[in-house]
Every structure is written in structure tokens, then in C-alpha cells.
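Data first, discussion second: the structure below is written as C-alpha cells.
A, B, ... follow the sequence lines: proteins, then strands. Residue 1 opens every chain. What you see is a predicted model, and the numbers here were worked out from it, not measured in a lab. Hydrogens, waters and symmetry mates play no part in the numbers below; they use all other heavy atoms, side chains included.
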There are 2 protein chains.
Amino acid sequence: MPANSPKSPARSRVLDTATRLFYAEGVHSVGIDRIIAEAGVAKATFYHHFPAKDALVKAYIEEQTRQQQAAIDELTADGPREKLLAVFDRMGQIGALADFRGCPFINAAAEYPDPAHPVRQAIEEYRSWFRTLMRDLLTDAGDPDPVRTADLLMLIRDGLAVACDLDDPTAPRPVVRDAVLRVLDGAPAGV
Amino acid sequence: MPANSPKSPARSRVLDTATRLFYAEGVHSVGIDRIIAEAGVAKATFYHHFPAKDALVKAYIEEQTRQQQAAIDELTADGPREKLLAVFDRMGQIGALADFRGCPFINAAAEYPDPAHPVRQAIEEYRSWFRTLMRDLLTDAGDPDPVRTADLLMLIRDGLAVACDLDDPTAPRPVVRDAVLRVLDGAPAGV
DNA sequence: ATGAGAGCAGACAGACCTGTCTGTTCGGAA
DNA sequence: TTCCGAACAGACAGGTCTGTCTGCTCTCAT
């Protein structure tokens, strides 16, 4: 018998509501009471599925990871180069949407200073996955130094997310496209 | 008579303590009680100088702005190009320090989702100042499209701060130096 | 010397937050 | 039919947070 099935409808409602509220308003600003009220779930039910609030935050980060992985998976592209361009172009699109509130991982990390905290480790897992994805695509695209170039793309990724949140959200998209093109085609990474 | 002189020793102690704690642990995680205890100040004295906690947070952001402006002012450089390189190199240095916890402006913005909030506006003021600084230096350096190139440098700035906080803090420095050199020397910004 | 202002100490109210507990309802499996 | 687990409703405890208020002390300028 699946004691704590992660497929439980009540659990899903809680996680969906938490995802929406945490992203829109921040983790520490949203209390358990509000989440269970908007999810239509009893408090006991919440604590039946999650041992504490931090566990819910960790689940929120992992859920975001799954969603972003799925979104990138769905992007079709002819080759690694096109895939990389598609990833950054999609990020620019999403960043310009009205409800964009920055990168959920960067935002959550700002509220969890301790690098050893489970939430931070879940964030680290996403970043590690994304970095590896960049490296693999760059390797396939014939980049001479995929590790270093992936670091550079990571920089652009984070800068794009922050800029869309804090500055004019439409400005970075073409700038990023140029930059990624230059990184892919440009001088062979030597100093 | 200077009713609420900003030079008051008690006020300075509060602001210094708040700066240290807010940066190290986040804004919402640090309570007023702890700040006044560590600053050695009575609660009434705190509320004599700041109408509410949010005002202290705004003062913290403005204090960070002043400090960063002073730090950049102190950097000596032969010309605009060298100044730009010096700014980013210094950021890479600071990002590798043990107590580095990310960009205080990005971190604070993550805790204040509402763009109309005074704290967000204080953050916007810093970013606006920094962006203008980049534009002016790029103009002096003869960049053909300083506005667009400044956007790109802004991206690198934010990416550097995030990377030093969340990933290996020593990795980005050389990558950023290469990137900035390429941005300054590289293809004349055309598509 | 006296009075104003700056600061200290700490109690207090009221709200909110997390997490626990009691009791009830309901559906499905044995 | 009966019984168990999942979920609901909501009270409750214990802690924390912000902001107010009362008194007291000290310094300094008038």
C-alpha cells in the first residue's frame, strides 16, 4: 500500500499552490496557513505529506527543476547549436511575460544563505544539471573548450534572469541573442 | 538644531549592524529585536531614528549603494577601458572572498517582489547609476553602441555575482575577464 | 541650574507563524 | 458489513515579530 503516494491529489494541490505563491511572493513571506487555505487542504493533511515547511520548499525547488527540464526537453532544434539558441531565446520570451518574477532558484537561494541547507543543495542540483546540459551541447557543437564556454553561458543565463526581473524585461533578449551567437561562433575561446 | 541627525552614533550602530546581518542572513530572517540587541541600542531609540523596519531596509540599500560607489571611485585606472576592466576584476576578487553572499541588491529584490516598493526603487537607483557609469565609460572608450554594450556588461555583472554565490567562486573571474575584453575589443556590436 | 533632547531598559499588545492534537467524515477493500 | 486510511475542520500551544509606551539617566547649552 502506497502510504505517502506523491500522486495524492491533496499533496498535488498543496505543491501547486506553494509553487504559485512561493514564486510570486517569496518563500518566507508566505505562511503555511495561507497555503493550506488556498489549496483547500486541512492542516493535518499538509503535515501528513510534508514533515515541515522546509520540506515543502525543497519540494517546490525540485518541482521547478522538473518543469524547467521538461520545458527544455520540448524545445525542438536541428542541432546542438540551434538547441542552445532556442534555450536562450525561450528564456528571453518567458522573462518578458507579465508574471515573470526572476529565476526561482536564484530567488530562493537569496532566502537560504547557508550553502549546506537542503534547499540550497536542491538548487545546486538544478544548476549542475543545466551546466552539464550546456557542456554537452557545446561539445556536440564542436566548441574547443566546452567547460569554460559553459561557465560563460551560465553567466549569461543568470544575467538574463536578473535583468528581466529588475530592469526593462524586453531589452536583454536581442542582446543575449547576439552574445550567444558571438560565444558560439566567435574567437576560439583563447585569450 | 539637527533633530534626527544621520550622524548619530546610535543610528550608525543600528545601520552598521543591520547591514552586516541583512547581508549575511537575509532581510526577513533578521528581526528588529536582534538588530537592536547586537547594536546595543534601546528599542525606543531605534524607532526614534527609523519609522519602521522597511525604512531601515531602504537605508541599508542606500548604504550599500554609497559603499559600492566609493569602492569604484577609489579604483585608479589610466583610462575608461582600464577602469572597466578594473571594476570587473575587483568584483571577481570580492566574489571569491569567504564571506561573499551574492549581490545585496539582487538578494534584497528577491525578498521584495513588488516593483513599486520603496526598497525596490532604491535598488533601481543603484542599478541605474551603475548602468549609466558603464555607458559613460564605454562612450569614452569609443564604443560604437554604448547603450547596448552597457546592457551586456550589466548581464555579465549580475551573472558574476550570482555565480560567485552559488557556484565555484573562483571560476568566473578569468572567464569574466576574457568576456569583458572581448566585449571591449571584439566585433563592433553589429549583428 | 535647569530644561530639552538623546539614549537606555524593558514591559506590553496584537498579530502571525509553525507544528500538534482532537474529533469527524467518507470511500474503498477485505 | 466492517474497518482502515486519507482527508477535513478547527482549536490550541508556544514562540516570534513589529511597534508602542512608560520611566529613568546623562549630557550639554542656555
Side-chain angles (χ1 to χ4, degrees), chain A residues 1-61 108 110-114 117-119, chain B residues 1-61 108 110-114 117-119:
Chain A
M1 65 267 297
N4 270 13
S5 119
K7 297 288 179 200
S8 148
R11 188 184 192 277
S12 292
R13 258 178 297 151
V14 168
L15 190 49
D16 289 351
T17 306
T19 296
R20 179 171 52 85
L21 294 178
F22 283 164
Y23 180 67
E25 305 186 20
V27 172
H28 288 154
S29 300
V30 177
I32 292 295
D33 280 341
R34 180 138 168 251
I35 291 172
I36 66 172
E38 296 202 18
V41 151
K43 207 164 207 181
T45 305
F46 168 78
Y47 280 101
H48 175 71
H49 288 288
F50 300 96
K53 187 187 177 184
D54 271 3
L56 175 62
V57 179
K58 183 158 173 267
Y60 154 64
I61 294 296
E111 301 200 55
Y112 286 87
D114 178 9
H117 194 286
V119 169
Chain B
M1 66 266 295
N4 268 10
S5 120
K7 297 289 179 199
S8 147
R11 188 184 191 279
S12 292
R13 258 179 297 152
V14 168
L15 189 49
D16 289 351
T17 307
T19 296
R20 179 170 52 85
L21 294 179
F22 284 163
Y23 181 67
E25 305 185 20
V27 172
H28 289 335
S29 300
V30 177
I32 292 294
D33 281 341
R34 181 138 166 251
I35 292 171
I36 65 173
E38 297 201 16
V41 152
K43 208 166 205 181
T45 304
F46 168 78
Y47 279 101
H48 176 71
H49 287 288
F50 301 95
K53 187 188 177 183
D54 271 2
L56 175 63
V57 178
K58 183 157 172 268
Y60 153 64
I61 295 296
E111 300 199 58
Y112 286 87
D114 179 10
H117 194 285
V119 169

Review point. Taking the nucleotide of DNA chain C with the closest heavy atom to each, which residue, A:H28 or A:A44, is nearer the 5' end?
Key: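 Mapping each residue to its closest nucleotide by heavy atoms, the 5'-most match is A:H28.
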Review point. Does the side chain of A:R34 come within less than 4.5 Å of A:L21's, by heavy atoms?
Key: yes
**Study point:** Sub-4.5 Å side-chain heavy-atom contact between A:H28 and B:V27
**Key:** no
Of the listed nucleotides ([options]), which one gets closest to any side-chain atom of [X]?
X: B:K43; options: D:dG10, D:dA6, D:dT20; result: D:dT20
X: B:I32; options: C:dT18, D:dA6, D:dT18; result: D:dT18
X: B:A42; options: D:dA7, C:dG19, C:dA9; result: C:dA9
X: B:S8; options: D:dG19, C:dT18, C:dG7; result: C:dG7

Protein-nucleotide distance ([X], atom [atom1]; [N], atom [atom2]), rounded to Å:
X: A:I35; N: C:dC17; atom1: CD1; atom2: C1'; result: 12 Å
X: A:I36; N: C:dC21; atom1: CD1; atom2: C1'; result: 14 Å
X: A:H48; N: D:dA6; atom1: NE2; atom2: C1'; result: 6 Å
X: B:D33; N: D:dG19; atom1: CG; atom2: C1'; result: 10 Å
X: B:F46; N: D:dT18; atom1: CZ; atom2: P; result: 8 Å

Is any side-chain N or O of [X] closer than 4.0 Å to OP1 or OP2 of [N]?
X: B:T45; N: C:dC8; answer: yes
X: B:H49; N: C:dG7; answer: yes
X: A:R13; N: D:dC8; answer: yes

Review point. Is B:A52 touching bases, backbone alone, or none of the nucleic acid, heavy atoms closer than 4.0 Å?
Key: sugar-phosphate
